[in-house]
Amino acid sequence: MFNYLLRFFWVTSITLILSPLVLASSWQSFEPVKKFLDGSQPATSGLKLDLPLVSEDGSSVALEVSFEGQLKSGDQLESIHVFSTGNPNPEIIEFHFMDPRVLPKVATRVRLNETQTVIAVAKSREGATWVTEREVRVTVSGCLMRSDEDAEAGMQNPRIALPRRMSAGQALDVRTLINHPMETGLREDAQGKLIDQNLIEAFRLQLGGETVFRAGLHTGTAANPYIRVQLKLDTSTPAVFSWKDQQGQEVQEEREFQLR
Amino acid sequence: MSEENKTLSRRSLLKGVGAASLLPILSACGATAVSKGTAGHVVVVGGGFGGATAAKYIKRGNPAIAVTLIEPKKTFYTCPFSNLVLAGERSLDSIGHNYQELKEVYGVEVVHAYAEDVDPVAHTVRLSTGSTLKYDRLVLSPGIDIRWDALEGYDQAAAELAPHAWQAGEQTRLLRRQLEAMDDGDTFILSAPANPFRCPPGPYERASLIAHYFSQHKPRSKVLILDSKDNFSKQGLFTSAWQEVYGDRIEWVGLSGDGKVVRVDAQKREVETEFGTRHKAGVLNVVPPQKAGKIAERAGVTNSSGWVPVNPRTFEAELAADIYVVGDATVAAPMPKSGFAANAQGKVAAAAIVASLEGTSTVDPHWANTCYSLINPDYGISVAGVYRLENNEIVSPQGSGGLSASDADGWVRRAEAEYAVGWYNAISQDTWGTRL
Ligand SMILES: Cc1cc2nc3c(=O)[nH]c(=O)nc-3n(C[C@H](O)[C@H](O)[C@H](O)COP(=O)(O)OP(=O)(O)OC[C@H]3O[C@@H](n4cnc5c(N)ncnc54)[C@H](O)[C@@H]3O)c2cc1C
């Protein structure tokens, strides 16, 4: 019995210490990631993925991804792609950085079907790559059971929040939200008929007429897409935020970044 | 389980205790870290649903184990049914419980103090009284603490103006007084947090019962729920009941409708949402983001989420040996942070502790949970869940559990409101021995 207890404690402490080492990385054997990396050897530090350890509602899980790695002088971060290893489709969302005024730190809300590993990969203009992954446990809390409700089909209520006070050189959080069901094409209606896929495909931010940031949205992006980006500006500038759905419909919102 | 205990007579209870006390003989050779010559000393921190239950059931399992319960309050007010107090349907006294039974029937030593710190290596707990207790096994059931740094403008001082009332007692009294003093026509605003938080249906039951109060005493007043989530517990049932009973008195704004409150001005009773909408309240109730009770942090058993990961088989903390954590403080999803769950987990930890002190082992636990919510005092709805272990994780088997029917008759709603009272009485009896 003494042995039993001892063994028990050993086992817990050993798994605690060793698990990060012995767990094989998922990204190495995950096709969509291998395709993205295209034979390059990614750095495993520098890209940071933030997700809750446990989520009680897989239909909307807060995700933040940021790049803090080293770039060669003259090189720039080009894109970050986020993949699911446990959803029917691997694509969650992708971010394209076209201008250094957009900082590589983005937040959104994603769908996770079940407990799984989420992988983020990043690429620079000159082809350097980074990878990171996080395990998320998805459980529907016992008190959270609910029935699905039908949402309106179109794009509605675009919302933009800019910081109240903005000054040059300061990191500015910009939040965006638009109401849309992001139908995956995998869901059935009450009669058991598949509901057609209906997604917003792209989000774009233009500053002074120039596209500086683009996001590609997929079935793994949560309904009512939420995207938060960070900007660093030197001068005041007009901005256009736009969303485009699969039918080519577009919604635009204009704002002014007024620096003090 | 609570029903069963309720019907146990004092005599059969004592008999049960007697039988259990034979157990240590079987394991007399099972040398553990227990102090020589005793069956061991267990310190329990927190006399709420989880802690009081654990203390009682350790004594029931083996009365020779010395149990010390640390709880600052002499009277514990439950959060369950505190929404009825807010609505003026019950007195605060009627949801108060004490530690008489634990002391007198079970021989638990109850110390009214606050546990300041835990040294998991030395196996000691330091109390606010200055004394230090040594334990063989420690149970922490400290419930929640508020994350005072997580919501701009919402600190301890703000909570005196815009109460959370998410720990019952003074805060409940304060919110009730504010509701009574509010002008007819003013709006009651409730800001609800993102998951995970204590009692997933709690904010919506509160909104319902306050709407009930308004419908009788402030007919022109409304209830606005600003939510940091798009989905909430029993959403369909709540939404249709609100419509049926209260018309448009209750309005709910979810995350994707700009319902997330990001700033509180408690002086002005005003909140600002993520996309810059400002709302002014007559009475402002902020249910803020939460984390495990501070003492769990001090003991070093919380992870980066602020909650305590546990081995679900025993509810022993993953990050320290001989420390068991139950109730709201733990990561036990899909089990909800409910009083019902805390009580059940307290029993699992008690059994595991008794077994480990005796050098025996326990069987795999399974649990059930029911959360009743009241739309008004005669209209109840519920969600029930069944949980068991699979690969050492808590899971809810496919097809188990369920919700009240969405098309049930009035008498079903009335019956569920009665069951809610039955549940409350049974769990109070099981946890504190209080019969109302
Ligand atoms: C409005 C509302 C309605 C609810 N309704 C229901 C319901 O209908 N059904 C249901 O099942 N659940 C309900 N709940 C949830 C329920 O209240 C909690 O899940 C339950 O209280 C959790 O038990 P616990 O033991 O973890 O914490 P608690 O019951 O809060 O007990 C914790 C105790 O620990 C003490 N403590 C904390 N730190 C220390 C320390 N350092 N030293 C000493 N003592 C300490 C505290 O004083 C407290 O007494 C409701 C909650 C709310 C807010």
Side-chain angles (χ1 to χ4, degrees), chain A residues 1-13 15-16 19 50-62 109 115 137-149 151 156-164 173-182 222-226 228, chain B residues 27 29-33 194-196 199-201 229-236 239 254-258 262 273-276 303-305 307 309 311 316 318-319 321-322 331 333-338 341 356 358-361 369 371 383-387 393-396 401-403 406:
Chain A
M1 292 193 183
F2 181 53
N3 262 338
Y4 163 78
L5 274 176
L6 249 187
R7 200 167 62 231
F8 175 72
F9 292 140
W10 260 113
V11 170
T12 31
S13 49
T15 33
L16 272 175
S19 56
D50 259 324
L51 284 153
L53 298 169
V54 177
S55 168
E56 296 186 14
D57 182 2
S59 71
S60 175
V61 183
R109 294 168 187 151
T115 296
R137 209 175 143 228
V138 178
T139 69
V140 174
S141 158
C143 278
L144 262 174
M145 278 184 239
R146 65 195 169 87
S147 49
D148 273 320
E149 272 171 75
Q156 295 188 359
N157 310 317
R159 290 186 170 91
I160 314 280
L162 308 183
R164 218 171 318 182
D173 269 331
V174 179
R175 296 187 285 246
T176 72
L177 174 72
I178 191 164
N179 292 140
H180 188 274
M182 293 295 282
N224 307 309
Y226 168 92
R228 195 195 71 209
Chain B
S27 56
C29 56
T32 65
N195 294 317
C199 194
K229 304 178 290 300
D230 272 331
N231 301 304
F232 64 87
S233 174
K234 296 181 261 192
Q235 186 163 4
T239 313
L255 176 69
S256 294
D258 193 20
V262 294
T273 58
E274 203 177 14
F275 289 90
N303 67 17
S304 61
S305 71
W307 306 98
N311 173 350
E316 185 170 16
E318 276 183 12
L319 301 174
D322 297 338
V331 180
M335 285 187 90
K337 294 190 189 303
S338 72
S356 93
E358 293 172 352
T360 57
S361 60
N369 179 73
C371 288
V383 56
V386 177
Y387 309 95
E393 278 191 352
I394 302 174
V395 298
S396 182
L403 290 158
S406 57

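Residue numbering restarts at 1 for every chain, and letters A, B, ... go by the order of the sequence lines. Note that the coordinates shown come from a computational prediction; the quantities given were computed from them, not determined experimentally.
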Which answer fits B/Asn303, side chain, backbone, both or neither, if we ask what part of it has an atom under 4.5 Å from a heavy atom of chain A?
side chain

Nearest non-hydrogen partners of B/Ala333 and A/Arg137, listed with the distance:
O-NH2, 3.4 Å

With a 4.5 angstrom heavy-atom cut-off, is it the side chain or the backbone of A/Thr176 that approaches chain B, or both, or neither?
backbone

Side chain to side chain, B/Glu393 and A/Thr115, heavy atoms closer than 4.5 Å:
no

Give the minimum heavy-atom separation between A/Asp57 and B/Asn231, together with the two atoms involved.
OD2-ND2, 2.8 Å

Shortest non-hydrogen contact from B/Glu274 to A/Ala161?
O-CB, 3.5 Å

For A/Leu53, which atoms come within 4.5 Å of any heavy atom of chain B: side chain, backbone, both, or neither?
side chain

Any sub-3.5 Å donor-acceptor pair from A/Asn179's side-chain atoms to B/Ser256's backbone N or O?
yes

The reported gap from CD in A/Glu56 to NZ in B/Lys229 (rounded to nearest 0.5 angstrom) is 10.0 Å

The reported gap from CG in A/Asn224 to CG in B/Asp258 (rounded to nearest 0.5 angstrom) is 12.0 Å

B/Asp230 and A/Ser59: side-chain donor and acceptor closer than 3.5 Å?
no

What part of A/Ile160 gets closer than 4.5 Å to chain B, counting heavy atoms only: side chain, backbone, both or neither?
backbone

Interatomic distance, A/Asn157 atom CG to B/Phe275 atom CZ [nearest 0.5 angstrom]:
11.5 Å

